[in-house]
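To start, the structure under review is shown below, and the notes come after it.
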Amino acid sequence: MLTMNPTLLVGPSDWDGARMPQEEFAARTAALWRDQPSAGGAIVYGDRVNHAELAYLTHFTPKLEAALALIPRAGAATLLVGGGANMLQAAKPLTFIADPRPLRDVGKTVAQWAREQGGAPVLIGGAAMPYALHREIAETLGGELADRTAALQAQMCRKSARELTLLREACATLAATITAMGAAQRAGAPATDVILAGERAANRLGVQDVRTLFSCNGGRTLQPFETAVERALDPLQVYMAVRQFGYWAEGFAVLAASPHSCAQRASDVLRSAVERMQAGGRCGDLARGIAQAVHPLTLHPVTARVAGNAIGLALEAHPLIAAGSEESFEDGGVYSLRVGLVDQRDHAIVSVMVAVHGRGNEVLWSSPEAAG
Amino acid sequence: MLSRAARHRVRRCGRGAGVRVGQRRSPRGPHRRFEIAGGLAQLLPEAGAADDVIFDAAAAKTTDEITHAREATRIAELGYARLVEIARPGVSEDDLAVELRWYTRTLGAEDNFLLLCAGARNPAVAPSNGRVMQKGDILVAEITPSYRGQLAQICRTATLGKANAELKHKYDLLVRAMNAGIGGARPGVAMSAVCRAINAVLEAEGYGEYCHPPHIRRRGHGLGFGSIRPGDVSLDNDTMLTEGMVFMIHPNQHLPETGYLLCGEPVLLTADGAEPLTRWRSALFEIDL
């Protein structure tokens with residue numbers, strides 16, 4: 001679920017070849033070329049808000065300025081990093097690509113590179129690209145660029161064994177942070193101190209990024225950290241997302257000193273929904289099923305339209321789990337699924353992180369109330 | 001993607017001649033995404049830039065914004081105090097940056113645009129990476145908390161251990177340049193004059209070449225609301241300074257003897273000139289190991 005992002009990314013993003021060896025990236029680009037047999041190469045854009053595809057193919061996370069990767073069908077990729085030549089030293093540890101270069105004279109650089117390839121390159125990440133840059137590249141290449149972001153995103157949906165390992169680690173970190181927040185809340189800490197306790201726990205476990213939301217009105221609405229909230233809240237609805245080794249885990253939880261009937265009811269619906277998640281099953285069918293299952297209660301406004309999404313290198317990846325979705329769950333896909341309820345008294349949102357396998361699902365993390 | 005309803009509304013609003021649409025054009029800062037801008041360009045091919053209408057109106061800060069800038073500055077200075085407490089050989093840049101960002105959140109900053117790096121010679125100030133700091137490193141940091149949406153920034157340099165005499169001498173040069181800039185900023189003066197005042201101190205010491213690209217681009221910038229007004233402290237910015245403007249004066253500079261050093265204060269322009277918002281001015285700090 002998308003929420004406010006920091007203006008500059010701060011957190012460990014160095015490439016670790018032991019966790020994600022270069023052969024994995026080679027396998028990813030090979031799969032891309034099989035899917036795009038006529039592509040001469042790929043131009044991949046990423047910035048500090050949108051960089052899942054760039055990270056998938058190069059490991060690079062643009063912490064400040066945007067970056068552009070030029071990936072040929074054969075040979076070494078080129079990474080162009082924004083911010084000038086003086087930023088290259090800081091950028092080098094973040095990728096396996098040797099000798100990143102400054103992102104300048106883009107038209108000339110792309111034109112030269114494209115001439116050396118055997119066919120027209122495809123574009124990935126184009127929607128997030130600044131208008132002027134998109135136009136410059138398109139004009140340089142003499143026409144419309146074929147945007148193949150959706151095709152790569154479909155490939156990214158199916159997680160490799162290494163990716164699953166990293167997602168499990170991210171979920172373990174999420175569990176630890178929710179536990180830390182729960183402990184702070186039970187100790188009577190003010191609401192924003194609870195949030196800070198969770199963020200501190202996440203930081204100590206080495207996360208790259210942490211996003212939090214909480215509710216000051218019993219779960220009706222969610223807000224980001226803006227100013228200190230000096231009062232303790234019980235119950236306290238929280239949302240946390242952590243990014244570790246490139247991969248996101250997110251979750252909702254209701255922190256409460258006593259049983260919370262609305263959260264428990266939502267957890268019952270969620271557990272049932274998880275059992276129905278199957279490879280090949282329609283995302284829209286599951287979302288509609290959740291809406292029917294909560295009747296006569298109503299869905300929480302935060303989850304009414306979208307009940308979840310694929311997740312991985314992007315915090316909110318396609319497909320979305322929404323009533324109108326025609327897309328299916330993938331064998332090897334990892335999803336964040338949530339159920340939010342409104343009853344006569346309370347509001348509650350709970351969620352799970354699930355890996356869908358052909359042989360059955362694996363719950364990577366669940367809200368404490370949804371553990372069963 | 002623009003929804004069908006959004007496209008319909010845009011077409012209705014754009015009917016008629018002389019349509020002006022706010023667009024953001026700057027090499028830095030947020031750009032319109034192609035998926036949105038491309039759609040708008042197709043719907044309103046006659047649209048033109050209208051940024052100035054908005055940003056000119058926001059050039060002078062409101063009373064609340066100034067209050068928030070003061071608080072953001074206070075948070076920045078406390079953050080720096082924390083930084084020099086915990087920066088040690090063996091700590092990575094990333095770990096230091098993460099800890100500092102969390103610490104400034106505990107003080108009320110909802111975000112922190114934090115550039116921090118260390119090395120024997122830094123080519124620039126850059127986002128942190130996993131490099132482990134060592135004794136003798138020069139640690140440079142732009143600490144930029146946001147308090148209720150208003151940014152303030154301090155630019156600081158510290159050494160892990162004792163600094164040598166040359167480094168101290170060169171840093172003193174930057175402080176003098178900064179003070180010249182602060183002294184030269186007053187209502188009715190062009191921003192370019194502030195830049196010239198800073199450069200003059202460096203030029204007098206033989207560093208004229210280093211006052212221009214590729215060595216530096218600017219000597220400061222606006223703060224908050226996209227940091228657009230009053231624009232960069234640069235030779236090509238003739239924006240006239242007016243009371244209520246808040247901006248950075250930072251002669252951050254690469255010198256051949258030391259590498260990149262940071263030195264800078266946020267200032268509020270008053271009727272009497274530039275008032276630094278900080279309690280403690282930039283000074284080279286030697287972290288006692």
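Chain letters run A, B, ... following the sequence lines, proteins first and then strands; every chain starts at 1. Values reported hereafter were calculated over all heavy atoms of this structure, with side chains retained and with hydrogens, waters and symmetry mates removed.
The candidate with the highest count of non-hydrogen atom pairs below 4.5 Å against chain B, out of Lys63(A), Arg135(A), Arg200(A), is Arg200(A). Taking Val49(A), Asn50(A), Leu9(A), Val210(A) one by one and counting their heavy-atom pairs under 4.5 Å with chain B, the maximum is reached by Asn50(A). Ranking Ala124(B), Pro123(B), Ser92(B) against chain A, the residue ahead of the rest is Pro123(B), based on heavy-atom pairs under 4.5 Å. For the set Met87(A), Gln208(A), Arg204(A), Glu199(A), the entry with the most heavy-atom pairs within less than 4.5 Å of chain B is Glu199(A). Ranking Asp111(B), Asn122(B), Asp95(B) against chain A, the residue ahead of the rest is Asp111(B), based on heavy-atom pairs under 4.5 Å.
Of all the heavy atoms in Ala126(B) and Ala90(A), the pair that sits closest is CB-CB, 3.5 Å. Considering all non-hydrogen atoms of both residues, Leu261(B) and Thr157(B) come closest at C-OG1, 3.9 Å. Contact detail for Leu79(A) and Ala67(A): the closest heavy-atom pair is CD1-CB, 4.3 Å.
With 3.5 Å as the limit, one finds a donor-acceptor pair spanning the side chains of Thr149(A) and Asp147(A). Defined by atom type and a distance below 3.5 Å, a donor-acceptor pair is missing between the side-chain atoms of Thr62(B) and Asp64(B). Side-chain contact check for Arg82(B) and Thr106(B): no donor-acceptor pair (N or O, by modelled atom type) lies under 3.5 Å.
Contact annotation for Glu93(B): neither backbone nor side-chain heavy atoms come within less than 4.5 Å of a heavy atom of chain A. Heavy atoms closer than 4.5 Å to chain B are found in both the backbone and the side chain of Thr7(A). Thr212(A) touches chain B through its side chain: at least one heavy atom from C-beta onward sits under 4.5 Å away, while N, CA, C and O do not. Proximity to chain A (any heavy atom under 4.5 Å) is restricted, for Arg101(B), to the side chain, taken from C-beta onward. For chain B, the nearby parts of Pro6(A) are the backbone and the side chain; heavy atoms of each come within less than 4.5 Å. For Leu94(A), the part sitting under 4.5 Å from any heavy atom of chain B is the side chain, from C-beta outward, and nothing else.
Rounding to the nearest 0.5 Å places NE2 of His51(A) at 10.0 Å from NE2 of His59(A).
Between Arg19(A) and Asp16(A), at least one side-chain nitrogen of the basic residue sits less than 4.0 Å from a carboxylate oxygen of the acidic one, meeting the salt-bridge criterion.
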